[in-house]
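The structure appears right after this line, and notes come after that.
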2 protein chains.
Amino acid sequence: MRRDATATRQRILEEATAEFARYGIAGARVDRIARMAGCNKAMIYAYFLSKDQLFDAVFDAVVVRNVTDVPIDAADLPGYAARLSDQYRTYPEVGRLATWDRLERDGVGVRTATIVEANGHKVEAVAEAQRAGLVGDHLPPEMLLELLFAVAATGFDSVVPGQEPPSPEARRQMVRDAVFRLIRP
Amino acid sequence: MRRDATATRQRILEEATAEFARYGIAGARVDRIARMAGCNKAMIYAYFLSKDQLFDAVFDAVVVRNVTDVPIDAADLPGYAARLSDQYRTYPEVGRLATWDRLERDGVGVRTATIVEANGHKVEAVAEAQRAGLVGDHLPPEMLLELLFAVAATGFDSVVPGQEPPSPEARRQMVRDAVFRLIRP
DNA sequence: CAAGTAACCAACCGGTTGGTTGACGATGCG
DNA sequence: CGCATCGTCAACCAACCGGTTGGTTACTTG
């Protein structure tokens, strides 16, 4: 097989994404990632230096993709939340990786410059919409945003066992309605 | 020191709760739990058979306490959510353990008979309140409940880094208001 | 083609982890 | 007191895991 450093790096990143999303940082196995990526463990350490830094690279890439794919639209927060919810369904790794990060690093959530910047921008957008009267000001923009994120991540596993999780349309509609209610002035 | 089997068992359970809440199932160290509980590792296996069954015992105990301490009041869901939120603040292990369970067992959330029963009862209570007209029927009771849980778990870490997390009163008020908006007919 | 370099790997290493075992000492009962 | 039972533990083990090393293979350059 032809040698290609960037392709190998990319394969490692993809398989690491799946592995970390599934097992978390402590549970992920570097050997397994190497095997899945069809390369040697040493390559992983050549490219990413450590397991933790590999996770950072994975998480950052996922966040960047998410922010790029689903830009905030403060004039239509219900629509934004619905798109975010769809994104979570399309890429289930996103939510899981974010949760692993929150739990396993006792970092209070945000660490990477990428995320800090993205969140700051979003808070500002919501504040702007509040000043314009499009969004109620009964809550500070950060809390509104946190509620929105929480709602967008909802509806994937049912509370009661037997029951089917809601269809994509139903979930999208639920998220849209919930956010509409939450931000109404 | 006087020997006391049930006391030892109880100490193991308590320390295991802290350990699992902090490090998760894969990250928890049985040696550390034994050392913290002031007993030998063998005791843990004598009482709980395996690391996984120890986690089950821990999780079940925590859930039981949570359900007992904060019974649902379908006639006042905002108040219930606020009390739940307070409980999450008083016992941060609860939320973390539940999250670890959701992530590390790929079980879709509910597994233990205790939880299934508790959740079923709650869904029924909400449905009852809907029939009585106290709660809007724009959403099925399970979804309403899932949204309520999501909101009650909100407001502990801030979205932007520098900022302080909201005060207990502010959080309680936010949760109450959010749930009020979500269930309004 | 020869030399140099970048990509790659099998094998290994030190330390750790869940789990086990065999013995020891305290306790309580007949 | 004799003795069985139960709680306790130090020591141990096989498997595993993150990380490293020394060397090999493919590709490029002159």
Side-chain angles (χ1 to χ4, degrees), chain A residues 1-61 97 100-101 103-107 111, chain B residues 1-61 96-97 100-101 103-107:
Chain A
M1 193 177 71
R2 182 160 167 72
R3 296 190 166 195
D4 186 339
T6 56
T8 302
R9 207 191 127 97
Q10 186 57 30
R11 269 189 348 261
I12 293 175
L13 210 52
E14 279 165 18
E15 297 302 332
T17 303
E19 177 80 8
F20 278 124
R22 182 158 175 192
Y23 300 104
I25 304 177
R29 299 291 164 242
V30 180
D31 278 298
R32 204 158 34 194
I33 296 174
R35 187 160 45 82
M36 287 308 212
C39 76
N40 192 276
K41 213 173 22 160
M43 298 313 302
I44 292 180
Y45 287 92
Y47 290 137
F48 298 96
L49 299 176
S50 76
K51 194 190 188 184
D52 270 274
Q53 291 183 69
L54 175 58
F55 179 81
D56 280 338
V58 161
F59 193 42
D60 215 68
L97 286 172
W100 287 118
D101 180 71
L103 286 182
E104 300 202 64
R105 318 278 180 85
D106 30 32
R111 324 165 337 277
Chain B
M1 193 177 73
R2 187 166 160 67
R3 300 196 161 191
D4 187 339
T6 56
T8 302
R9 205 190 129 98
Q10 186 57 31
R11 276 197 333 271
I12 293 175
L13 211 51
E14 279 164 20
E15 297 302 332
T17 303
E19 176 80 8
F20 278 126
R22 182 157 175 196
Y23 299 104
I25 304 176
R29 299 291 164 242
V30 180
D31 279 298
R32 205 158 32 197
I33 295 173
R35 185 160 45 82
M36 288 308 214
C39 77
N40 193 275
K41 215 168 30 154
M43 298 314 302
I44 293 180
Y45 287 93
Y47 289 138
F48 299 97
L49 299 175
S50 77
K51 194 188 188 186
D52 269 274
Q53 289 182 71
L54 174 57
F55 178 82
D56 280 339
V58 161
F59 192 44
D60 215 68
R96 290 183 63 94
L97 286 172
W100 287 118
D101 179 70
L103 286 182
E104 299 201 67
R105 319 280 181 83
D106 27 37

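Below, chains carry the letters A, B, ... as their sequence lines are ordered, and counting in each starts from 1.
- Within 4.0 Å of A/Phe48, counting heavy atoms only, lies no atom of the nucleic acid at all.
- For A/Lys41 (side chain) and A/Arg35 (main-chain N/O), no donor-acceptor pair under 3.5 Å exists by modelled atom type.
- The shortest heavy-atom contact between B/Ala21 and B/Trp100 is O-NE1, 2.9 Å.
- When the C1' atom of C/dA10 is taken as reference, atom CG of A/Asn40 falls 7 Å away, rounded to whole Å.
- OP1 or OP2 of C/dC8 has at least one side-chain nitrogen or oxygen of A/Thr8 nearer than 4.0 Å.
- Taking 4.0 angstrom as the limit, A/Tyr47 places none of its side-chain polar atoms (N or O) nearer than this to OP1 or OP2 of C/dA7.
- Residues passing the side chain to side chain contact (heavy atoms under 4.5 Å, CB included) test with B/Asp52 are B/Ile25, B/Ser50, B/Arg105, sequence neighbours excluded.
- The side chain of A/Ala42 lies closest to C/dC9, out of C/dC9, C/dG19, D/dT8.
- In this structure a side-chain-to-backbone donor-acceptor pair under 3.5 Å is missing from A/Glu19 to A/Val30.
- When the C1' atom of C/dA7 is taken as reference, atom CD1 of A/Ile12 falls 11 Å away, rounded to whole Å.
- Looking at residues two or more places apart in sequence or on another chain, you find no salt bridge (charged side-chain N to carboxylate O under 4.0 Å, His left out) involving A/Arg29.
- Between the CE atom of B/Met43 and the C1' atom of C/dG19 there is a distance of 15 Å, rounded to whole Å.
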For a quick check, with a 4.0 angstrom heavy-atom cut-off, what is the B/S/- contact string for nucleotides 12-17 of chain C, read 5' to 3'? -----S
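- Whole-Å rounding puts the B/Arg11 CZ to D/dG7 P distance at 13 Å.
- Between A/Phe55 and A/Phe20, the ring-plane angle classifies as perpendicular under the 30° and 60° cut-offs.
- Not a single donor-acceptor pair, N or O on each side, falls under 3.5 Å between the base of C/dA7 and the side chain of A/Asp4.
- Regarding B/Tyr23, its OH atom lies at a distance of 18 Å from the C1' atom of C/dG18, rounded to whole Å.
- Using a 4.0 Å heavy-atom distance criterion, A/Ala5 is classed as a sugar-phosphate-only contact.
- Between the side chain of B/Glu15 and the main chain of B/Ala34, no donor-acceptor pair closer than 3.5 Å is present.
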